[in-house]
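All remarks here apply to the structure that follows.
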Amino acid sequence: MDKKGFIFDLDGVIVDTAKYHYLAWKNLADELGISFTEEDNERFKGVSRKRCLEILLDMGGVTVSQEQFDAWLLEKNEDYLQYIRKMDASEILPDVPKILDYLQAQKVPMALGSASKNAKPILEKVGLSGYFHAVVDGHETTRAKPDPQVFLLAAERLEVEPKACVVFEDALAGIAAARAAGMYSVGIGDPGVLTDAHRVFRNFTEIQLEFIEGLLQGRA
Ligand code: B16
Ligand code: MG
């Protein structure tokens, strides 16, 4: 059997931090008088913090100095961190540990591949750091998903060929990034939306261990 590597996105796959991102962006949007709904927040999933602020300011038709832009970025993150500080294991999405435990028992190398610059502290807070051999986050990437950089770097850290890697992603851009990296992509979310993924499950509860076993044996 070829050595396989499994790579997980964070927000929307392991934990639902999108709700906290939403609250923090909403606070900033209110302050700036820009209307911002949960539907608008969908566009922010998997997108870097800087790009999110650019989109928000575009929505409000606001142009600002670099200094002000950086100050708002900081303000949003400080606000977001207030929510993150209260996170614990109860926020891990259902049945994620079932899959992680199974892969760990099979000694499969696992990595996290996230756009978030807060990925490491979040993993610590929910107690999942020990599962991952590598964490590639927003501090280490220069090109955002759909660029494959984050996943290629994760594969390199795992010392696994990209074509032997499986990526779990909830965002369209993330699925595109996995495919661009030549990896097998598993979408977590709406099958009608994540149409480019090799397989889609609504959540981890829908994933049977036989499916994972099949991936490990190259039967996908
Ligand atoms: P931060 P993922 C992404 O996480 C979120 O989906 C996205 O909404 C957020 O803007 C981005 O991380 C950056 O997060 O502000 O913490 O650096 O889905 O790539 O795990
Ligand atoms: Mg995500």
Side-chain angles (χ1 to χ4, degrees), residues 6-29 36-59 69-85 87 91-93 96 110-126 128-129 132 134-154 167-178 180-181 185-190 193-194 196-197 200-204:
F6 275 56
I7 306 172
F8 296 83
D9 173 51
L10 180 67
D11 173 32
V13 170
I14 303 265
V15 288
D16 177 21
T17 35
K19 60 188 178 206
Y20 301 132
H21 281 297
Y22 169 68
L23 292 172
W25 285 122
K26 174 82 179 134
N27 284 342
L28 182 64
F36 185 70
T37 64
E38 287 196 56
E39 205 185 325
D40 294 324
N41 192 57
E42 286 301 307
R43 292 172 63 194
F44 284 22
K45 289 187 179 174
V47 176
S48 74
R49 193 184 313 163
K50 186 169 162 281
R51 184 69 199 123
C52 290
L53 182 55
E54 285 168 0
I55 299 172
L56 183 72
L57 296 180
D58 262 2
M59 284 166 56
F69 187 92
D70 292 344
W72 281 336
L73 270 188
L74 193 69
E75 184 182 326
K76 183 270 169 179
N77 195 51
E78 295 283 307
D79 198 13
Y80 175 66
L81 290 176
Q82 305 278 342
Y83 299 106
I84 295 312
R85 275 185 206 111
M87 284 183 86
E91 302 218 29
I92 300 169
L93 288 169
V96 166
M110 289 185 267
L112 193 91
S114 166
S116 175
K117 291 186 171 174
N118 297 301
K120 284 180 183 153
I122 292 170
L123 279 185
E124 290 287 334
K125 293 292 293 175
V126 301
L128 291 180
S129 297
F132 299 98
V135 175
V136 181
D137 61 17
H139 289 290
E140 295 181 74
T141 47
T142 48
R143 298 185 301 277
K145 301 166 189 175
D147 188 284
Q149 186 188 35
V150 62
F151 295 139
L152 289 174
L153 206 53
V167 173
F168 290 78
E169 250 295 346
D170 70 312
L172 274 173
I175 298 290
S185 58
V186 180
I188 302 294
D190 186 344
V193 174
L194 303 175
D196 282 348
V200 183
F201 298 94
R202 287 194 182 273
N203 49 51
F204 276 75

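Order of appearance sets the numbers: ligands from 1, and atoms from 1 within every ligand.
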Check: Val13 main-chain N/O paired with Asp170 side-chain donor or acceptor under 3.5 Å
no

Less than 3.5 Å between some nitrogen or oxygen of Ser116 and one of ligand 1, yes or no?
yes

Exam field: side chain Ser48 to backbone Arg51, donor-acceptor pair closer than 3.5 Å:
yes

Any nitrogen or oxygen of Trp25, side chain or backbone, less than 3.5 Å from one on ligand 1?
no

Steps toward ring pair (Phe, Tyr, Trp, His ring centres under 6.0 Å) verdict (Phe36, Tyr22)
CA-CA 9 Å; Phe36 185 70; Tyr22 169 68; 5.7 Å; yes

Which residue and non-hydrogen atom of the protein lie closest to atom 19 (O) of ligand 1, and at what distance in Å?
Ala115 N, 2.8 Å

Show the atoms of ligand 1 that are less than 4.0 angstrom away from any heavy atom in Leu10.
20 (O)

Do Val136 and Ile7 come within less than 4.5 Å of each other through their side chains, counting heavy atoms only?
no

To the nearest 0.1 Å, how far is atom 4 (O) of ligand 1 from its closest protein heavy atom, and which atom is that?
Asp11 CB, 3.5 Å

Honestly, for Val13 the part within reach of ligand 1 (heavy atoms, under 4.0 Å) is neither

Paired with Asp147, the side-chain hydrogen bond (donor to acceptor under 3.5 Å, both in side chains) test is passed by just one of Lys145, Arg143, Gln149, namely Arg143

Using a strict 4.0 Å cut-off to heavy atoms of Ser114, name the atoms of ligand 1 that fall inside it.
2 (P), 4 (O), 19 (O), 20 (O)

What protein heavy atom is closest to atom 15 (O) of ligand 1, reported as residue, atom name and distance in Å?
Arg49 NE, 2.8 Å

Taking the side chain as everything from C-beta on, heavy atoms only, tell me whether Leu172 gets closer than 4.5 Å to Asp196.
no

Using only atom types and a distance under 3.5 Å, with no angle test, would you say the side chain of Lys117 pairs donor to acceptor with the backbone of Asp137?
no

What verdict does the side-chain hydrogen bond (donor to acceptor under 3.5 Å, both in side chains) test give for Lys76 and His21, after you've listed the backbone C-alpha separation in whole Å, the side-chain angles of each residue and the deciding distance to 0.1 Å?
CA-CA 9 Å; Lys76 183 270 169 179; His21 281 297; 2.9 Å; yes

Give the total of protein N/O/S atoms at a distance below 2.8 Å from the Mg ion (ligand 2).
3

Hey, does Lys145 sit under 4.0 Å from ligand 1 if you only count heavy atoms?
yes

In terms of atom number and element, which parts of ligand 1 are under 4.0 angstrom from non-hydrogen atoms of Val47?
7 (C), 9 (C), 10 (O), 11 (C), 13 (C)

Taking 4.0 angstrom as the limit and counting only heavy atoms of Phe44, give me the atoms of ligand 1 inside it, by number and element.
7 (C), 8 (O), 10 (O)

Purely on distance, is any nitrogen or oxygen of Ser48 under 3.5 Å from one on ligand 1?
no

So does Asp40 get a backbone contact from the side chain of Thr37, meaning a donor-acceptor N/O pair under 3.5 Å?
yes

Between CZ on residue Arg43 and CE on residue Met59, distance to nearest 0.5 Å
6.5 Å

Find out whether Met87 and Thr17 are in side-chain contact, i.e. whether some heavy atom of one side chain is under 4.5 Å from a heavy atom of the other.
yes

Side chain or backbone, does Gly46 bring an N or O within less than 3.5 Å of an N or O on ligand 1?
yes

What part of Lys117, side chain from CB on, backbone N/CA/C/O, both or neither, has a heavy atom under 4.0 Å from ligand 1?
both

What I want to know is whether Cys52 and ligand 1 share at least one N or O pair that is separated by under 3.5 angstrom.
no

Could you tell me, atom by atom, which parts of ligand 1 come under 4.0 Å of a heavy atom of Lys45?
6 (O), 8 (O)

Over 12 non-hydrogen atoms of neighbours within 6.0 angstrom of NZ in Lys50
no

Should you measure from each heavy atom of Asn118, which atoms of ligand 1 turn up under 4.0 Å away?
1 (P), 16 (O)

Would you check if Leu10 and Leu123 make a side-chain contact, meaning some heavy-atom pair closer than 4.5 Å?
yes

Any N or O of Asp9 that comes nearer than 3.5 Å to an N or O of ligand 1?
yes

SB check Lys120 Glu124 (cutoff 4.0 Å):
no

Aromatic contact, Phe168 with Phe8 (centres under 6.0 Å)
yes

